[in-house]
Amino acid sequence: MRIAVLGTGVVGRTIAAGLTSLGHEVMVGTRDPSVTRKRTEPDRFGTAIATWLSEHPDIGLGTFAEAASHGQLVVNATSGLASIPALTSAGTPHLAGKILMDVANLLDFSHGMPPRVQASPEASLAERIQQTFPTAKVVKTLNTMSAGLMVDPGVLAGGDHTVFISGNDAIAKAHVAELLRSLGWRDIIDLGELSTARGTELLLPLWLSLRHALGLAPTAYQFKIVR
Ligand SMILES: NC(=O)c1ccc[n+]([C@@H]2O[C@H](COP(=O)([O-])OP(=O)(O)OC[C@H]3O[C@@H](n4cnc5c(N)ncnc54)[C@H](OP(=O)(O)O)[C@@H]3O)[C@@H](O)[C@H]2O)c1
């Protein structure tokens, strides 16, 4: 499948590489590809995006609009605070009728670490995206874990942990669940309509507290729902 991954951070790179290894044709979206290609200094993820791109010659880089146009499915892996502008740059026509897999969280890093979580019980980012782009089929998933687990759940507890999905379109959710299974996910909980993404976005303060309390690497703990 042709997939757009909007976002050049650790999440965009990880998902792009994971989906490419499964045989998908991935294009990563960024604000300005010429600027992004010139980023040769290691960033906060340890690797310069220019280096990462040279190591992944089979992954394309384009503007948000070029990538969204390429994708039959679009992943939103942009900064949560900038997701609406980034998706606006992608262009409503390029999102129309497509599954928009939203993995973003509303985190404000401007005051240092840990980031301030701006999630709200009144309305999730995913719902705001759906309202802004009503012809897209928004499915929230994967936002409750570190990037490294998203495409490789088996590195922790043999993959015996939980991923949630929320969305208003049952067929879109079924496609996303299938994609997740292809990445190795077994415990996939469909929470229901997109409004249930309020809950998963509000898990972030707990996820951040656990990181401090447990003193573990981000990929070394995760949520598991025991029935
Ligand atoms: N890091 C994790 O382990 C993790 C886990 C779960 C969920 N998430 C969520 O996943 C998303 C991506 O996280 P990340 O850490 O990979 O990267 P990030 O630093 O949160 O976001 C990077 C992306 O956001 C774009 N961006 C930033 N400001 C923008 C603006 N003003 N207008 C348009 N686009 C803008 C950047 O565009 P350029 O390419 O042009 O620079 C880049 O593609 C976030 O929403 C994050 O909360 C992260």
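Indexing begins at 1, ligand by ligand and atom by atom, following the structure's order.
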Heavy atoms under 4.0 Å from ligand 1: which residues qualify?
Gly7, Thr8, Gly9, Val10, Val11, Thr30, Arg31, Arg39, Arg44, Phe45, Phe64, Ala77, Thr78, Ser79, Gly80, Ala82, Ala86, Val103, Ala104, Asn105, Leu107, Asn143, Met145, Ser146, Ala147, Met150
Rounding to 0.5 Å, atoms CG (Asp58) and OG1 (Thr20) come to a distance of 5.5 Å
Report the distance from atom CG of Leu179 to atom CH2 of Trp185, rounding to the nearest 0.5 Å.
12.5 Å
Just wondering, do Thr47 and Arg13 contact through their side chains at under 4.5 Å, heavy atoms?
yes
With rounding to the nearest 0.5 angstrom, report the OG1 to CE distance, Thr219 to Met145.
12.0 Å
Under a 4.0 Å threshold between the charged nitrogen and the carboxylate oxygen, would Lys38 count as salt-bridged to Asp32?
no
By the salt bridge (Lys or Arg N to Asp or Glu O under 4.0 Å) test, which pairs, at least two apart or in different chains, include something from residues 153-176?
Asp160-Lys224, Lys173-Asp190
